[in-house]
Amino acid sequence: MSHGPAKGIGRWLFTTNHKDIGTLYLWFSFSMFFIGGFFALVIRAELFEPGLQIVEPEFFNQMTTLHGLIMVFGAVMPAFVGLANWMIPIMIGAPDMALPRMNNWSFWILPFAFAILLSTLFMEGGGPNFGWTFYAPLSTTYAPPSVTFFIFAIHIMGASSIMGAINIIATILNMRAPGMTLMKMPLFVWTWLITAYLLIAVMPVLAAVVTMMLMDIHFGTSFFDAAGGGDPVLFQHVFWFFGHPEVYIMILPAFGIISAIIPTFARKPLFGYASMVYATASIALLSFIVWAHHMFTVGIPLVGELFFMYATMLIAVPTGVKVFNWVTTMFRGSLTFETPMLFAVAFVILFTIGGFSGLMLAIAPADFQYHDTYFVVAHFHYVLVPGAIFSITAGVYYWLPKWTGHMYNELMGKTHFWLAFIGLNLTFFPMHFVGLAGMPRRIPDYALQFADFNMISSCGAFLFGAAQVVFLFNVVRTIFSKSKASAEVWEKPTGLEWQLPSPAPYHTFTKPPVIQ
Amino acid sequence: MLHIGPNNPAKAFHAFYLGIAVSTLCFTQNAFSSSLNMTEGVTSVSKEIYSLHMNIFWWCVAIGVVVFGVMFYTMIAHRKEHGAKASNFHESTFLEVLWTLIPFVILIAMAVPATSSLVKIYDTEEADIDILITGYQWKWKYEYLGEDLSFFSNLSTPNNEIYNRLEKNPNYLLEVDNPLVIPTGKKVRFLLTSNDVIHSWWIPDFAVKKDAIPGFINEAWTIVDAPGIFRGQCAELCGKNHGFMPIVVEVKPENEFNQWLSEQKAVAAKLEELNSTTFTFEDLVTRGEQVYLNNCAACHQANGKGVPGAFPSIAGSKIATGALSDHLNIVIFGSQKNPAMQAFGAQLSEADLAAVITYQRNAFGNNMGDSVQPKEILAFKQNNK
Amino acid sequence: MAVTSVNSPSDIYYVPEQSKLPIFASMGLASSVIGLALILNGHSAGTMVLMCGFTVFAFVLWCWFQAVITENLAGLNNDQLKSSYVWGMGWFIFSEVMFFAAFFGTLFYVRNFAVPWLAGDGTHDNFTNSILWPGFEHTWPLMQTPDSAVNGDAAAMQGPDQNMGLSSAGSIWGWLPFWNTVVLLTSSITVHMAHTALKFGHRKPFYLWLGATVVLGVVFLILQAEEYIEAYHHMGLTLSSGIYGATFFMLTGFHGAHVFLGTFMLLVMFLRATLKNHFDANNCFGFEAASWYWHFVDVVWLCLFIFVYVLA
Ligand code: HEA
Ligand code: HEA
Ligand code: CUA
Ligand SMILES: [Cu+2]
C-alpha cells in the first residue's frame with residue numbers, strides 16, 4: 001500500500017489513486033478549456049466587424065454550440081471534479097476516494113465522450129448547431145444527423161458525472177477521519193457535498209430530456225410536437241430543470257475555493273462559517289424552483305411568471321450573505337496579494353457584478369428586453385469566467401505547490417492575472433452595452449450600431465486567450481522547476497492539506513488522523 | 001504609503017474601478033442614446049420597463065458602491081506590508097441578520113413595480129386589431145385577421161453587402177421587403193406562432209418580445225401613439241439564418257393605414273390575376289430568378305450549389321432535372337424526409353411557383369428546356385391534395 | 001486542528017491496486033453508443049460496432065464484479081468500505097428516481113398543460129385551438145391527436161384506437177396491468193422474505209424465496225411483452241400515436257427495462273447463492289443491493305399503475 005506510483009503510461013491509464021485521477025481531470029479540463037476557448041476565438045474573430053468574413057453562419061452556430069458545451073461540460077465541471085479528487089480526501093483525512101476504481105471510470109468516460117462530441121464537426125451536415133441549450137424542434141426535427149452522436153455523448157457524460165458525484169458523497173459522508181465532524185469540514189468540502197447532490201438530482205433529468213429527443217427523432221414520438229399533443233416548451237421546462245441547477249454546479253465549488261483562499265491571505269478565520277454552509281444549501285434548494293426564469297418570453301401564464309420571478313430574486317439573499325462574509329473576512333485582516341488572492345479578490349468583485357446582472361434578468365418584465373441579447377451573454381460570462389474560471393485558476397495557484405512540491409513563479413502569476421483581468425473586462429463588459437442596445441445573441445453578423453463595442457470585445461478575447469498561454473507556461477514551468485515549496489507554503493494556512501509535506505505523498509492518511 | 005507595481009494590486013484595482021465608475025457615469029449620461037443603454041422606446045410599456053431597468057440598475061450600483069467600497073478600503077488599509085495585524089473576529093449574528101434582511105427589503109422594493117408592469121403586459125384583452133404572425137425559417141408572415149390580407153416579410157439586405165462586396169447601408173440587416181404596418185393609437189394584438197422551429201418576435205421600441213412556438217399561439221400587444229419606423233430582430237436561435245430575419249414595423253396614422261390596407265388588397269388582387277395568365281418562357285425565368293433569390297437562396301444558395309450535407313444542390317439535382325411532377329411535388333408539398341424543405345404551395349402564388357420551378361429547371365446548367373404554367377400548378381395542387 | 005495517528009492496522013480501508021477495468025469499460029461503453037448511433041443513422045457498420053462494444057463492456061463488467069467479490073471474500077473489505085458501497089448504491093437509486101421523475105413530470109405537464117392548451121381550455125384565449133387546431137378536444141387518454149383532428153386521415157400522427165385504461169379491458173380480471181401489479185407486489189414480498197430468511201441463516205427458504213422472486217420478475221416481463229404486442233397489433237397504440245402513446249411507452253418501457261435489469265441482478269444473486277454458496281447474514285451486500293433495486297422498481301410501478309393506468 002505504501003509504495004509510490006506505477007511507472008510509465010500505465011500509471012495514468014489504470015490508476016486508482018485520487019491524486020493521479022485529480023491530475024488527469026485537471027489536464028483534461030485544461031485542454032478542453034483551450035479547445036472551447038479556441039472556438040470562442042473563432043466566434044470573436046467573426047464578430048470583429050459586421051459582415052461575414054471568416055466562417056459561414058452554419059459553421060458559426062456549430063462554434064457557438066460547441067463552445068458552450070465544451071466550456072460547461074468539458075472545462076468547468078471536470079476542473080471542479082479534479083480539484084475535488086485531489087483535495088477532498090486530503091481535507092477530510094481519508095486515504096483515498098470511497099470507490100477508487102469507479103473514480104477512474106468516471107474520468108475515462110470523458111475523453112471518449114468528448115471525442116464523440118468533437119467528431120461530429122467532421123460528420124455530414126456538420127456538428128450540433130442548435131446552441132448549448134438545444135431547444136426542440138431545432139434540435140430534433142430540424143437537426144443534422146450528427147445529433148444522434150451528440151445525444152449519446154451527453155448520455156455517457158452524464159453517467160460519468162453521476163458516478164463522480166456518488167463517489168464524492170460516499171467519500172465525504174463515510175470517509176471522514178475521526179473527529180472531522182460535518183461542521184468542521186472545510187467549506188470546499190461542504191460546497192462540493194451540496195454540488196454532488198445537485199448533480200445526482202439533475203444529471204438524470206438531462207439524460208431523460210435527451211432520451212426524449214432521441215425518441216422524437218428516431219422513433220416517431222411527439223413529446224415536443226404539438227401535432228401529436230406534445231409541446232416544444234416542455235423541452236425547455238425539462239432542460240432548465242436540469243440547466244439552472246447546472247449553473248450553480250458551476251459556482252458552488254468556486255465558493256468553496258474562495259472561502260479557503262481569502263482567510264489564508266487575510267490571516268484571519270473565515271467569517272460566518274455556519275452561515276456560509278446554510279447559504280450554500282439554500283442556494284441549492286432554491287435552484288430547483290427557479291428554472292423558468294430562462295423562459296420568461298415563451299408565454300407561461302402570469303402566475304407562473306410571477307412565481308419564478310420572486311423565487312429567482314430570492315437567490316440574491318443567500319448569495320449576498322456569501323459576498324458579505326468574504327468582505328468581512330478580509331476586513332481588519334493582514335492582507336497580502338499573492339496570485340491566488342488576486343484571483344480570489346477579482347472573483348468576489350466580478351462575480352458580484354455578474355450576480356447583479358443576473359438579478360436584473362430575474363425581473364421578468366425587464367427580461368423581455370434583455371432576453372436572448374448579449375446582455376445575457378455578458379451576465380453569464382461574468383459569473384462563469386471571473387467566477388468559475390477564476391476560482392479554478394486561484395485554486396490551481398493556491399494548491400499547485402502542494403501538488404508539485406515546487407513554487408510557481410509569482411511574477412508570471414501576476415502577469416497572468418493582470419492580462420486576464422483586463423482582457424476579460426474588455427471582452428465582456430461591452431457586451432452589456434451591445435446587449436442593452438439590442439444585439440441578439442447567437443448571430444454571426446450584426447447591424448452597424450453594434451460595431452465598435454464588438455471590436456473591443458474581440459480584442460479583449462484575444463488578450464484573455466494570450467493570458468491563458470502564460471498560465472499554461474507557468475504551470476508547466478512549476479512542475480519542472482527547482483524551487484522547493486515548504487509544507488505550509490503560505491503563512492499559517494488552515495486545513496489538513498498543509499500538514500502534509502509538499503509534494504503530497506502518493507498515499508496520504510492511509511491511517512486516519514484524529515482531529516481534535 | 002501606496003506604491004505602484006505588481007505588488008500593489010489594490011492601486012491598480014482602484015484605477016480600474018475608477019475607469020468603470022467613469023464609464024458608468026458616461027453610461028447614465030448617455031442613457032438616452034440607444035447605443036449604450038436600453039432604449040426607452042415609444043410605448044407606455046416600454047417606458048415602464050425602461051424605468052424599471054434603471055431603477056434596478058441604480059439599486060445594484062448602490063449596493064456595489066457599499067460592498068466594493070468596504071472591500072477597497074480594507075484592501076488599502078489592512079495590508080500586511082503596512083503593518084496591519086490580523087484581528088480574529090469571525091462571527092456576529094447581528095451583522096448576519098442585518099445583511100440578510102436588508103437585501104430582502106430591497107428585493108421587495110424591486111418586485112412591487114415589476115409585478116404591476118407584468119400584470120399590464122399580460123393584459124391582452126380588448127384589442128382593436130389582431131395580427132397573426134408566423135415565423136418561418138427565415139422570414140415572417142403577417143396575416144391581418146378579418147381583413148383577408150397576408151404577406152411575407154424577408155430580409156432585403158443584398159448578399160453583396162453581407163459579403164463585404166458593397167458598402168453597408170445604415171439599416172444593414174435591419175431592413176425588409178414588406179414591413180408590418182399598424183395604425184397609431186390602436187391596441188394591436190399580436191398572435192404569434194411558427195411554422196417550423198421556435199422564433200421570437202422582438203421590437204425593442206415596443207418592448208414586445210414573445211416566442212413564436214410551433215403549434216401554439218402566444219399573445220402580445222402594443223399601442224403606439226406616434227408614427228415611425230421601428231426595427232427589431234428574431235430573438236431565438238432558429239437555424240442558419242437566425243441572424244438574418246429582421247422585423248420592421250411601420251406605424252402610420254389611422255387614415256394612412258386604412259389607405260395602405262386598401263392598396264395592399266388591390267395589389268393582392270393584381271397578383272391573383274397573374275395566376276391565370278400564361279407566361280412566356282423568358283418571363284417565367286426572369287420572374288423565377290427573383291422568387292428564387294427571395295425564397296430559396298437562403299438554403300440552396302444563389303449559385304444553386306446548396307450546402308453539402310444540409311441543403312441539396314439544385315444544380316444537377318435529380319429532382320430538378322427529373323420528372324416535372326416530382327419537382328412540383330417537393331416544392332408545393334415540401335419534403336417528407338426533411339421538414340426544412342417547406343411546403344411552398346401555401347406560401348407562394350401559383351405564378352411564383354411556376355416561375356421558380358421553371359427557373360430551377362433551366363438555371364445552374366440544368367437546361368431542361370421545359371416550363372410550367374400557373375394553371376398547371378393549380379391543377380397539380382387540386383389533384384394531389 | 002491537531003493531528004495524531006490512530007494505529008489500528010486491522011482496519012485499513014482497501015484501496016485497490018491499479019486496474020485495467022475502468023478504461024476498458026469506457027471503451028466498451030463508447031463503442032456501444034457509437035454503434036447505436038450508427039445504426040440509428042442507417043450506417044451498416046453500426047451493428048458490428050455495437051456488438052463489439054457491448055461484448056467488451058459486458059465482459060469488463062463481469063470481470064469487475066468478479067474482482068469485487070474476490071476482494072470481499074479475501075477479507076479485504078472492512079466495514080467502512082462496505083458502507084461506501086451502501087452509500088453508492090443508495091444514491092445510484094436516487095439518481096434513477098430522478099430519471100423517472102423527469103418522465104412523470106412530462107406526463108404531468110402534457111396532461112395538465114399542453115393538451116388542455118391545445119384544446120383551448122387553458123387560461124388563455126383559445127386562439128391556439130381556434131386558429132391552429134380547430135376541432136381538437138381535451139381528453140385523456142388522448143385518443144385523437146391535434147393533427148388528426150385537423151387533417152383527418154391525412155394526418156401523420158394518428159391517435160390510438162383503444163387505450164390501456166380499465167374501461168378498454170372490460171373487467172378487472174382481464175386487465176393486464178392489474179395482474180402485473182399483483183405480480184410485482186408479490187415479488188417485493190418474496191424478496192423481503194428471502195432477506196429475512198438469509199438474516200436467520202435459513203439457507204433453503206432463502207433460495208426458494210429468491211428463486212420465486214426471479215420467476216415473478218420473468219412473469220412480469222412476459223405479461224408486459226404480451227401487453228405491448230396487444231397494443232401494437234390490436235389497439236393501434238404505438239410510440240407514434242401521439243403523446244399518449246409516447247408517454248405510455250416511455251414510462252412503461254423504461255420501467256420494463258429496469259425490471260429486466262433487476263431480474264437479471266437477482267438471478268445472478270440466486271446463482272451466486274446456490275452455486276457458490278455466497279452471502280450470509282452479515283455479508284450480503286450484493287444481494288441487498290439487488291433487493292433495494294427491486295423495491296425501487298416496484299415503487300415506480302405503483303406510481304405507473306396509478307398515474308398511467310388508473311387515473312387514465
Ligand atoms: C455560474 C453560473 C451562473 C450563476 C452563479 C448565475 C447566477 C444568477 N443568474 Fe444566471 N445564467 C447563467 C449562469 C449563472 N447565473 C447562464 C449560463 C445563463 C444563460 C444560459 C443560456 O441561456 O445560455 C444565465 C441566465 C440567467 C437568466 C436568464 C436570462 C435570459 O435568458 O433571459 C436569469 C434570469 O433570471 C439569470 C438570473 C440569475 C440570478 C438571479 C443569479 C443569482 O444567483 C445571482 C446572485 C448574486 C448577486 C445578486 C450578487 C451578490 C449579492 C449581493 C451583493 C447581495 C445584495 C444584492 C441585491 C439585493 C441586489 N441568469
Ligand atoms: C464556463 C463557461 C464559459 C467560458 C469559460 C467561456 C469563455 C469565453 N466565451 Fe463563452 N459561452 C459560454 C460559456 C463560456 N464561455 C456559454 C454557455 C455560451 C452560450 C452558448 C450558446 O449560446 O449556446 C457562450 C457563448 C459565448 C459567446 C456568444 C456566442 C453567440 O451568441 O453566438 C461569445 C461571444 O463572444 C463567447 C465568448 C467567450 C470568450 C471570448 C471566452 C474566453 O474567456 C475564452 C478564453 C480562452 C481561450 C481564448 C483559450 C486559450 C488560448 C488559446 C486557444 C491559445 C491561442 C490564443 C491566443 C494566443 C490569443 N462565449
Ligand atoms: Cu428566427 Cu431566429
Ligand atoms: Cu438560471
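With chain C as the partner, the residue from A/L234, A/V209, A/T211, A/I166 showing the most heavy-atom pairs under 4.5 Å is A/L234. For the set C/L40, C/D147, C/V33, the count of heavy-atom pairs under 4.5 angstrom toward chain A peaks at C/L40. Between chain A and the residues C/L81, C/V97, C/T106, the largest count of heavy-atom pairs under 4.5 Å involves C/T106. Interface summary for chain A: among C/A101, C/S240, C/G105, C/S32, the most heavy-atom pairs under 4.5 angstrom belong to C/S240. Residue with the most contacts toward chain A among C/L29, C/V150, C/L21, C/L132: C/L29 (heavy-atom pairs, distance under 4.5 Å). Counting heavy-atom pairs under 4.5 Å between each of A/M97, A/M163, A/M212, A/M215 and chain C puts A/M212 at the top. Contact count against chain C (heavy-atom pairs under 4.5 Å) is highest for A/G229 among A/A153, A/S119, A/A196, A/G229. Taking C/F24, C/Y244, C/F103, C/F100 one by one and counting their heavy-atom pairs under 4.5 Å with chain A, the maximum is reached by C/F103. Of the listed residues A/G179, A/A98, A/A94, A/A170, the one with more heavy-atom pairs under 4.5 angstrom with chain C than any other is A/A98. Note on C/V68, C/V86, C/V110, C/L118: by heavy-atom pairs under 4.5 Å with chain A, the leading option is C/L118. The candidate from A/F107, A/F219, A/F152 with the greatest count of non-hydrogen atom pairs under 4.5 Å with chain C is A/F152.
C/L239 CG to A/H218 NE2: the interatomic distance, rounded to the nearest 0.5 Å, is 13.5 Å. The distance from atom CD1 of C/I34 to atom CZ of A/F149, rounded to the nearest 0.5 Å, is 7.0 Å. Distance check, rounded to the nearest 0.5 Å: CE of A/M102 to CZ of C/F92 gives 10.0 Å. Of the inter-residue distances, the one linking C/S26 atom OG with A/I109 atom CD1 reads 5.0 Å to the nearest 0.5 angstrom. In this structure, CH2 on C/W91 lies 8.0 Å from CG on A/L173, to the nearest 0.5 angstrom. Here C/K20 contributes atom NZ and A/N104 contributes atom CG; the two are 12.0 Å apart, rounded to the nearest 0.5 Å.
Proximity to chain C is absent for every atom of A/H18, based on heavy atoms less than 4.5 angstrom apart. Proximity to chain C involves both the backbone and the side chain of A/I200, based on heavy atoms less than 4.5 angstrom apart. With a 4.5 Å cut-off on non-hydrogen atoms, A/L214 touches chain C through its side chain but not through its backbone. Interface residue A/L13: backbone and side-chain heavy atoms are both found under 4.5 Å from chain C. Only the side chain of C/F254 comes within contact range of chain A, with at least one heavy atom under 4.5 Å from a heavy atom of that chain. Both the backbone and the side chain of A/V205 come within contact range of chain C, each with at least one heavy atom under 4.5 Å from a heavy atom of that chain. For A/M175, the parts lying under 4.5 angstrom from a heavy atom of chain C are both the backbone and the side chain. With a 4.5 angstrom heavy-atom cutoff, C/T247 touches chain A via backbone and side-chain atoms both.
The 12-atom threshold is exceeded at CZ of C/F104, counting heavy atoms of other residues, nucleotides or ligands nearer than 6.0 Å. Atom CD of C/Q144 sits in a crowded spot, with more than 12 heavy atoms from other residues, nucleotides or ligands closer than 6.0 Å. The local environment of CD in C/E71 is crowded, with over 12 non-hydrogen atoms from other residues, nucleotides or ligands closer than 6.0 Å. At most 12 heavy atoms of other shown residues, nucleotides or ligands fall within 6.0 angstrom of atom CZ in C/F307.
Shown here for C/F99 and A/P204, the closest heavy-atom pair between the two residues is CD1-O, 3.3 Å. Smallest separation of non-hydrogen atoms from C/S84 and A/N174: OG-ND2, 2.7 Å. Residues A/S222 and C/G242 share a closest heavy-atom pair of OG-C, 3.3 Å. C/V15 and A/P100 make their closest contact through CG1-CG, 4.0 Å (heavy atoms, listed as atom of the first residue, atom of the second, distance). When every heavy atom of A/P301 is checked against every heavy atom of C/W117, the shortest pair comes out as CG-CZ2, 3.8 Å. Minimum heavy-atom separation, A/G230 to C/A114: O-CB, 4.3 Å.
With hydrogens and angles disregarded, no donor-acceptor distance shorter than 3.5 Å links the side chain of C/Q18 to the backbone of A/T16. With hydrogens and angles disregarded, no donor-acceptor distance shorter than 3.5 Å links the side chain of C/N41 to the backbone of A/S146.
Side-chain N/O atoms of A/D231 and C/Y109 include a donor and acceptor closer than 3.5 Å.
A salt bridge is defined here as a Lys NZ or Arg NE, NH1 or NH2 lying under 4.0 Å from an Asp or Glu carboxylate O, and A/R101 with C/E17 fails to meet this definition.
Taking 4.5 Å as the limit, some side-chain heavy atom of A/F223 sits within range of a side-chain heavy atom of C/M250. The shortest side-chain heavy-atom distance between C/M157 and A/D225 falls under the 4.5 Å cut-off.
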Next on the checklist: Please determine whether side-chain contact (heavy atoms from CB on, under 4.5 Å) holds for the pair A/K511 and C/Y13, giving the CA-CA distance in whole Å, both sets of side-chain angles, and the decisive distance to 0.1 Å.
Outcome noted: CA-CA 8 Å; A/K511 295 177 192 124; C/Y13 195 89; over 6 Å; no
